Amino acid sequence: MIVDDKPQIRDLLKLELEDDGHQVIVCQGGREALDILEEMSFGVNIVLLDIKMPEMDGLAVLSAIKQKKKDLPVILLTAYHTFKQDFQSWAAEEYVVKKSDFTELKQKIAKYL
Amino acid sequence: MRRGVSRVDSQNWRDLPPQGMDIIAAVADAVKSGRGLESILDNIIDLVLEIMSADACSIWLYERGALRLKAGRGLNMAAADASSIELGDGVTGRVGLHREPIAISDVREDNRFKPIPELGNEAYMSILSVPMTDQDRLVGVLNVRTVEPYSYTETEMKFATYIAAQLVGAIRNTQLYEEVIKGFREIAIIHLVSEIINSVRDIDEMTAVIARTCAEHLSTRGCVLRMLDPATGLLEIKGSHGVPASAAAAAALRMGEGLAGKCAAEKRAILRKDLLNDPGEFADALGLGMKSAICAPLVVKDRVVGTLGVFDKMPEDGGEPISFEEEDAGLVTIIANQAAMAIENARLYAEKDARISELQLLLEISNIMRGTLDFESLLYIILTSVTMSQGFGFNRALLFLHDEKSGTLKGEMAVGPLRAADASRHWHSFTPKGKTLQEVVLEYGKFNREAGFEIDMLVKKMSVPVKPDKGALARTVLERTSFNVADYNPAEGGEEAALTAMGFSTFATVPLIAREKVVGIMVVDNLVTRAPITDEQLEFVQLFANQAASVLETSRLYKNIEQANRRLVDARELLVRSRTLATLGEFSAGIAHELRNPLVSIGGFARRLARKLPADSEEARHARIIFNEVEGMEKILSQILEFVGGAKTETQQVDIIGVFEQVFVLLHDAINSKNISVNTDFDERARTLLVDEVQMRQLFINLIKNAVEAMKGEGGSLRVKTTLMETEEGGVGLEISDTGVGISSEDLEHVFDPFFTRKSSGTGLGLSVCARIVEGNHGGKMFIDSRKGEGTSVLIWLPPETLAGGEGGGGRGPLSANG
């Protein structure tokens, strides 16, 4: 599952991951993602979560996910380089700084699938 | 008219023969011509014999209950001393008894006459005997004799009576004169003695001067001045004259022993006229063969402080010593009083002098102390002043500081040798000749500091609880008074046992009191010299201690202020830095966010295009140019953002104790508002660690916040401890304990789970984040030990690699969050 408010990023990631053979659900916000997870949690193996989103902050989404599904891996995607000091983010399994080269992200996803 | 003739009855003037006036003048001349009574009497007798044409004449004076022959002509005067006439006995005795003249022309016809053969008075036939009276008191009898029988005329009887009256006057005058002369002599001696005595200030010199002056002016063979030593109870000779030095040195007397001892014990002057035949209680302690002696007590404020004794009065014309009389005893008593006063004055003066120099010393040391505010330097100055000979001269000194919070006396510093045998090693290595007190204090203090005394190390290990039953040191604090302790025997294995180990058994304790607070105490002793510590000394040291305490307290306050100030500066710097960083970070992050997303899209799609297009096509080459350029831009962006703070765990040498202290500053309000006592126990050996400072700070903030929040209501205690682990595993232990509500055992299993919380506010991420910092990022371990209602301890272990300057490199190094 990819959660990101920016359509270009969402689409790019979807295309890249589908190229690798993954089934991808895209959500444009936290609320939508949580609803989907609530309804069809079975199919989701990993969540790629953008932190900065207008409707609901990624970290709040992370909290909500972890409270319900402690074992569902979450990879935080961020444009920031400073979230090390934001300890809420540490509930996520991984965090990846967004780059046009998706090699690192793909390696991390592979760890959990 | 001269006084000598004034007693003549005026109505008899006309009866006098024409030469009467000449006779009166002659009598007057005779009376005043003499030097001393004996020559006056002789002159009178000569005059009487001449005027009355008599053959013999004698003057008997009434002394000691009998008439004794004092002067005469025509009698065997060699027997005069042995002859005496009882009142009523013979003619002279009757005249003396009835105070009426008797005239007999021929004694052979009158049974009232009694011959005294040894005087040869039976050679004379006639006798005219007239009494000498002064008012009603019998002074003596004047006898006139002739060889042939003779009837005395009325005129002759009147003349004899007149002469008798003149004699009375002359005798009385002479006695008065002698008394006056003697009085003058006494006054002169007393004056002289007191003048000499008071010209001396030094007490030892004074006692010598008293003895010499007294002997010389009382014309005695010798004089001995003894002073009572209150410590030993002995009367020791402090000044003597006419006594060999060897005898004077060895002849101390106890109270009641010998003449001086008896005199001192009975507090009165004692006169012994004939020691050779009647020694009484007197033992000749000096072995000088004294014949007679006087001893008078030296009394000051009704207290005997010594004795003044003289022996053997020497006559003015030389020759054998003569016996002292009562008047001599009186004179010695007066001189003794003068001497006592002078000695007391000298003592007071000496005391005052000593007091002045004591005060001078205090002032100087106080000035030296005020020259520094450095706490440790002050401690050295204080202990040095107490132990150096120019100061208080104690052999050793310990200093304890009073920690009011924990209620203990902590050994802080010590100066002096551990054993008496070490003294010379310590003391000879420093010679303070020709230096000012300040130089001595500072140099000796430096010497003491560098000497590294064994007792200094021992005393630093001491910690004595201030409780009523905890012995002399605790009592000094509690009772705020100094103690002179003898043969002290602290409880074995107790907190004071180290005193015994250091050889402190007879010592004094002095509290250091400033602003009503006992700042600490000093313990002083004289291990080496064994000199007793006097109350005066202790009083003086107390004066000094108060001053030292106030300076120490000032320094301590200053130190605290300085420390607080430094913390404030640190905190402010931290704040400024973090705020700057935050601003910069926010700004950069804003740009990064805005730029990164489009760059990801551009780069990502370009990469896709390059992949999808035939690799050698012109389009694929253009796409590669695009995503290479984008990658370059992303790198520049990362470099900028890494400056703000990278995502990695960055280990560096961190002052972990300093981090704790910063956290306490940050959480100061929270801790103080709940009146929580903070007890820190940091291991200096584990001060610098190779860790991520930001993470450590966050770790401590989380843990301490948790602890503070767990302590509901007022009070409670927070304990933070760091230890260098002595186990095989090594590493560093950190412990943060509280006396809060605790955690139940079932909850304890979940505390490390993300989002677990029992707090009404908060995310529940605190402990999971902590565990991640410790275990994930630093390769350590974290444990929680807690009991519901009793409190919680968080134990953190960091591996040996975190110890800066340790072997480092090998083994399990601190992990990277991105690893």
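The figures that follow rest on heavy atoms only: side chains count, while hydrogens, waters and symmetry mates do not. Keep in mind it's a predicted model, so treat the numbers as computed, not measured. In what follows, chains carry the letters A, B, and so on, assigned in the order in which the sequence lines appear, proteins first and then strands, with residues in each chain numbered from 1.
Under a 4.0 Å N-O distance rule, the pair A/D19/B/K612 qualifies as a salt bridge.
For the atom pair NZ (A/K99) and CZ (B/R607), the distance works out to 10.0 Å, reported to the nearest 0.5 Å. Atom NZ of residue A/K98 and atom OG of residue B/S601 lie 8.5 Å apart, to the nearest 0.5 angstrom.
For B/R608, the CZ atom sits in a packed shell: over 12 heavy atoms of surrounding residues, nucleotides or ligands are nearer than 6.0 Å. In A/M56, the CE atom is crowded: over 12 heavy atoms of neighbouring residues, nucleotides or ligands sit closer than 6.0 Å. By the neighbour-count criterion of 12 heavy atoms within 6.0 Å, atom NE2 of B/H668 is sparsely surrounded, having that number or fewer from other residues, nucleotides or ligands.
Side-chain atoms of B/F605 and A/L15, non-hydrogen and from C-beta on, do get closer than 4.5 Å to each other. Looking at heavy atoms from C-beta onward, B/R596 lies in side-chain contact with A/V97 at the 4.5 angstrom threshold.
In this structure, a donor-acceptor pair under 3.5 Å is present between the side chains of A/S100 and B/E634.
Taking all atoms of both residues into account, the shortest heavy-atom contact from B/N597 to A/I9 is O-CD1, 3.4 Å.
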